[in-house]
Amino acid sequence: MLFPEPLHVGCPNMGSENEFQLLVTGLFDTKWLSNSGRFVQQLEHQIADYLGVRHCVSICNGTVALEIAIRALGLTGEVIVPSYTFIATAHALNWQGVKPVFADINEKTHNIDPESVRSLINPKTSGIIGVHIWGEPSPIRELEEIASENGLKLLFDAGHAFGNTYKGRMIGGFGEAEVLSFHATKFFNTFEGGAVVTNDDELAERVKLMRNFGFNGLDRVVSPGTNGKMTEVCAAMGLVNFDSLDSFVSRNKSNYVAYDEVFSSCKMLNLLEFDTQEERNYQYIVVELNPQAVRHRDRLIDDLHSENVRARKYFWPGCHMMEPYQSLFPDAYRHLPNTSKVAERVIVLPTGTSVESSDCRRIGEFMISRLMSYGI
Ligand code: T4K
């Protein structure tokens, strides 16, 4: 066994335990646990400042943040979204009665392909959701152009991209709004959590109303809404983790470099690159098997699991192959060739603060030796 304990993709990064306990002890004094308390407000200000946006509206998780953003933007009919994403992006639309229409991706970057988006626009289309997959920004300029030429709303699912930049500007301020996820497995977590960030004052007000049942004052309800509030204990975790952001990035980066060193000598595996001219959180280690090795992907993952390396095949097989979408759109695969190819060849490997560079080297060397043993 390579490791005595499992190494997970998405093992949480956690800041100072003492600092967290101090904040939680404070909650026993104040007895203010939810509904936009002190910690929530502080976290929202810190995140808005950090991202350089006017508004950060915290939400209980990234999926509900997407649902609220979709409602607050008034998206209806059809919305174009990549199929190659976590199922929450598509489900958030479906849950709001909006039809997700799946666009293909660029085979190299794994991000949504603007030409595929153009080909799917019709009179029922009300918007586009770009996903900054693995934290690499979507083709933002191209999507902005398409949205403005066609009168469409543009929303970004920035669940992977906290702290990353596009042309030197922080992700968070693009499109009508961007949605963040602070799930336990994300590079920055609040246990569960998320946010809608935007520079649009009116949109931010609608999102705030909708996350609190539509209440505007003690007994006055002025809009439909849900319960999307973040708790104080989650915000406390966020404040503590926020202080450790730099150390989280630096560990992710050194792990990335360690994997890169091992894989650079192997033609069967390709480590997805990040743009080194921009800020990156390096939270996902994404490896692709080349065409000769791809048929061994599942076997290699099984072998990794037997050694306590819990590698994942995100986001296989693509949202269009999951229910209810496979039944609703059985022919969608016809215009998603790159999605299918990429979903077949990706392996995501452990990183984060519970993984050392030496672990990454051992994992990489193990993968290469296994592939060689398959006789490729
Ligand atoms: N948009 C995008 C692009 C997303 O990737 C996501 C979520 C969302 C929207 C929705 O945001 P949230 O509503 O989740 O805030 C995980 C996460 O649950 C999910 O947040 C994430 N994306 C997705 C990419 O990964 P699973 O189904 O892989 O979770 P699970 O339970 O298998 O956990 C992953 C690994 O993490 C496991 O190997 C164990 C480890 N783990 C997990 C938890 C919860 C820990 O070590 N400790 C923990 O506390 O979805």
Side-chain angles (χ1 to χ4, degrees), residues 3 5-14 47 57-70 79 81-96 100 102-103 105 110-112 129-138 155-162 164 171 175 177-197 211 226-231 233-235 237-238 241 281 283-286 301 304-305 307-319 322 339 343 346-355 363:
F3 298 100
E5 298 294 329
L7 287 189
H8 291 288
V9 170
C11 186
N13 296 328
M14 299 172 86
I47 291 176
V57 186
S58 66
I59 308 281
C60 55
N61 61 56
T63 307
V64 173
L66 278 168
E67 288 165 12
I68 292 177
I70 288 162
V79 167
V81 63
S83 171
Y84 192 68
T85 176
F86 188 60
I87 194 65
T89 323
H91 273 359
L93 286 165
N94 178 265
W95 206 247
Q96 296 306 314
F102 296 116
I105 51 170
H110 302 183
N111 261 313
I112 195 165
I129 302 183
V131 180
H132 307 308
I133 203 82
W134 313 127
E136 273 301 307
S138 304
L155 176 65
F156 287 105
D157 178 339
H160 299 177
F162 189 58
N164 292 357
I171 291 292
E178 303 208 51
V179 170
L180 301 165
S181 164
F182 308 139
H183 182 255
T185 57
K186 294 298 191 306
F187 140 78
F188 167 77
N189 86 82
T190 60
F191 295 120
E192 287 272 1
V196 178
V197 288
R211 82 167 164 186
T226 185
N227 183 352
K229 289 170 272 119
M230 180 182 274
T231 65
V233 77
C234 287
M237 186 64 164
N241 286 339
N281 58 35
Q283 76 172 312
Y284 289 104
I285 301 290
V286 183
I301 288 183
L304 283 163
H305 284 199
E307 299 294 330
N308 256 338
V309 179
R310 301 289 161 86
R312 300 294 297 262
K313 41 185 179 181
Y314 291 148
F315 291 102
W316 181 85
C319 295
M322 295 179 173
T339 302
V346 159
I347 300 180
V348 179
L349 296 171
T351 186
T353 48
S354 50
V355 179
I363 294 171

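Quick note: numbers below take in every heavy atom, side chains included, and nothing from hydrogens, waters or symmetry partners. Whatever order the structure lists ligands and atoms in, that order sets their numbers, starting from 1.
Listed by atom number, the atoms of ligand 1 under 4.0 Å from Y314 heavy atoms are 16 (C), 25 (O), 26 (P), 28 (O), 34 (C). Close approach of ligand 1 to S181 is summarised as follows: ligand atoms under 4.0 Å from at least one heavy atom of the residue are 11 (O), 12 (P), 15 (O). For ligand 1 and P12, the ligand atoms under 4.0 Å from any heavy atom of the residue are 45 (C), 46 (O), 47 (N), 48 (C), 49 (O). Of all atoms in ligand 1, numbered sequentially from 1 with element shown, those under 4.0 Å from a heavy atom of T85 are 3 (C). Close contacts between ligand 1 and Y284 involve ligand atoms 24 (C) [criterion: under 4.0 Å to a heavy atom]. Which parts of ligand 1 touch A88 is read off a 4.0 Å heavy-atom cut-off, strictly below it: atoms 8 (C), 9 (C), 10 (C). Near G193, the atoms of ligand 1 lying under 4.0 angstrom from a non-hydrogen atom of the residue are 15 (O).
Remark: F187 CZ to F182 CZ distance equals 10.5 Å, nearest 0.5 Å. One finds the CD1 atom of I133 at 7.0 Å from the OG1 atom of T89 (value rounded to the nearest 0.5 Å).
Closest approach of S58 and M230 over heavy atoms only: OG-CB, 3.8 Å. Nearest heavy atoms, F3 versus I363: CE1-CG1, 3.7 Å. The nearest pair of heavy atoms linking V57 to I59 is O-CG1, 3.5 Å.
Judged purely by atom type and a 3.5 angstrom limit, Q283 uses its side chain to pair as donor or acceptor with the backbone of H160. Under a 3.5 Å cut-off, the side chain of T190 and the backbone N or O of M237 do not form any donor-acceptor pair.
Among protein heavy atoms, the minimum distance from atom 9 (C) of ligand 1 is reached at D157 OD2, 3.5 Å. Among protein heavy atoms, atom 6 (C) of ligand 1 sits closest to F86 CD2, 3.3 Å. Nearest protein heavy-atom contact of atom 41 (N) of ligand 1 is G10 O, 3.8 Å. Given atom 13 (O) of ligand 1, the protein heavy atom at minimum distance is T63 OG1, 2.6 Å. Atom 36 (O) of ligand 1 has V9 O, 3.0 Å as its closest protein atom, hydrogens excluded (heavy atom only). Looking from atom 33 (O) of ligand 1 to the surrounding protein, the closest heavy atom is T185 CG2, 3.9 Å. The shortest contact between atom 38 (O) of ligand 1 and any protein heavy atom is with H8 ND1, 3.0 Å. Considering only non-hydrogen protein atoms, atom 34 (C) of ligand 1 sits nearest to R312 NH1, 3.6 Å.
Assignment of Y84 to the shell around ligand 1 is not supported, since no heavy atom sits closer than 4.0 Å. Distances from ligand 1 to the non-hydrogen atoms of F315 include at least one value under 4.0 Å.
The number of heavy-atom neighbours closer than 6.0 Å to CE of M14, taken from other residues, nucleotides and ligands shown, is 12 or below.
Side-chain contact between N111 and E136 is present, with at least one heavy-atom pair separated by less than 4.5 Å.
The aromatic rings of F156 and H132 sit parallel to each other, their planes meeting at less than 30°, with 60° as the upper class boundary.
Between T185 and H183, the side chains place a donor N or O and an acceptor N or O closer than 3.5 Å (distance only, hydrogens not considered).
A side chain to side chain contact (heavy atoms under 4.5 Å, CB included) with Y314 is found for one member of V9, T85, V346, V286 and no other, namely V9.
An N or O contact shorter than 3.5 Å is missing between V131 and ligand 1 by distance. Checking only distances, H160 does come within under 3.5 Å of ligand 1, N or O to N or O.
By heavy-atom distance, the residue among H183, K186, H132 lying nearest atom 22 (N) of ligand 1 is K186.
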Start with the C-alpha gap between E178 and I171, add the side-chain angles, then the distance that decides, and say whether side chain to side chain contact (heavy atoms under 4.5 Å, CB included) holds. CA-CA 8 Å; E178 303 208 51; I171 291 292; 3.4 Å; yes
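Counting only heavy atoms, the protein never gets under 4.0 Å from atom 31 (O) of ligand 1.
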